[in-house]
**Student:** 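Dropping a structure here in structure tokens format, bear with me for questions.
Below, chains carry the letters A, B, ... as their sequence lines are ordered, and counting in each starts from 1.
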Amino acid sequence: MKAEDAHALIRATVKKIPRGRVATYGQIAREAGFPKQPRLTGYALHHTPPGARLPWHRVINAQGKISFPPGSEAYETQKRLLEEEGVLFLRGRVDLARYQWRRASEAPVLD
DNA sequence: TGCTTGACCGACG
DNA sequence: ACGTCGGCCAAGC
């Protein structure tokens with residue numbers, strides 16, 4: 001498996017995150033078939049050129065936080081995009097129990 | 001070639 | 001709620 005293929009699988013999985021929901025780096029890696037390699041998700045996104053039709057902003061870390069330095073341009077952009085979709089931030093964090101993307105087979109989300 | 005760096009994670013203190 | 005540590009491994013130098 002080439003690195004490019006892995007990145008493609010990661011990006012394909014990111015595309016599946018519905019509007020208004022979020023997923024963690026580790027979650028995306030697992031869904032794409034790379035358990036224990038959350039960094040692969042970060043790497044694939046890092047290499048995604050701006051302008052790509054990809055909901056990269058819906059990917060946050062396992063603590064519910066944005067993985068950019070608070071106050072940075074990237075941080076503010078990601079936060080704004082999420083808020084535009086109705087994802088609320090409380091004390092700089094997203095409530096994963098509420099907004100994390102889950103498959104239909106898993107436990108339903110409380111609204 | 002070999003070493004360092006990360007848009008990370010989970011466990012543990 | 002922090003900080004540290006080991007695991008992970010593609011890229012970059």
Side-chain angles (χ1 to χ4, degrees):
Chain A
M1 147 104 41
K2 283 184 258 191
E4 273 307 315
D5 301 326
H7 288 191
L9 289 170
I10 294 283
R11 285 192 296 268
T13 305
V14 170
K15 280 188 193 167
K16 289 165 44 180
I17 310 171
R19 184 182 170 78
R21 312 303 297 274
V22 297
T24 70
Y25 293 88
Q27 178 186 359
I28 293 300
R30 285 194 304 276
E31 294 269 344
F34 306 98
K36 300 185 183 180
Q37 293 186 65
R39 300 192 114 137
L40 198 50
T41 302
Y43 219 77
L45 293 185
H46 184 76
H47 280 269
T48 299
R53 259 193 257 72
L54 195 73
W56 60 270
H57 59 281
R58 294 177 191 147
V59 183
I60 60 180
N61 66 36
Q63 290 93 59
K65 297 194 287 192
I66 288 175
S67 289
F68 283 118
S72 65
E73 189 179 333
Y75 179 98
E76 296 302 335
T77 298
Q78 183 167 10
K79 183 164 184 261
R80 179 176 52 76
L81 289 171
L82 286 174
E83 288 176 335
E84 283 175 1
E85 297 186 351
V87 176
L88 301 180
F89 281 74
L90 267 58
R91 294 186 294 283
R93 299 155 131 281
V94 167
D95 184 352
L96 286 180
R98 178 137 132 155
Y99 295 106
Q100 186 171 29
W101 170 47
R102 285 174 165 71
R103 289 169 168 262
S105 60
E106 299 180 50
V109 209
L110 37 118
D111 253 14

**Student:** Answer yes or no: are there more than 12 heavy-atom neighbours, outside A/Lys15 itself, under 6.0 Å from its atom NZ?
**Tutor:** no
**Student:** Holding to side chain to side chain contact (heavy atoms under 4.5 Å, CB included), I want the full list of residues that pass it with A/Ala44, two or more places apart in sequence or in another chain.
**Tutor:** A/His7, A/Ile10
**Student:** A/Ile10 has an atom CD1; how far is it from atom P of C/dC8, in whole Å?
**Tutor:** 17 Å
**Student:** So which one's nearest nucleotide on DNA chain C is more toward 5', A/Lys36 or A/Lys65?
**Tutor:** A/Lys65
**Student:** Where along nucleotides 6-13 of chain B does protein come under 4.0 Å, by heavy atom, of base (B) or sugar-phosphate alone (S), with - for untouched nucleotides?
**Tutor:** BBBSS---
**Student:** Do you know the tightest heavy-atom contact between A/Gln27 and A/Val22?
**Tutor:** OE1-O, 4.4 Å
**Student:** How far apart are the closest heavy atoms of A/Arg21 and A/Gln100, and which atoms are they?
**Tutor:** NH2-O, 2.9 Å
**Student:** Partners of A/Arg91 by side chain to side chain contact (heavy atoms under 4.5 Å, CB included), sequence neighbours excluded?
**Tutor:** none
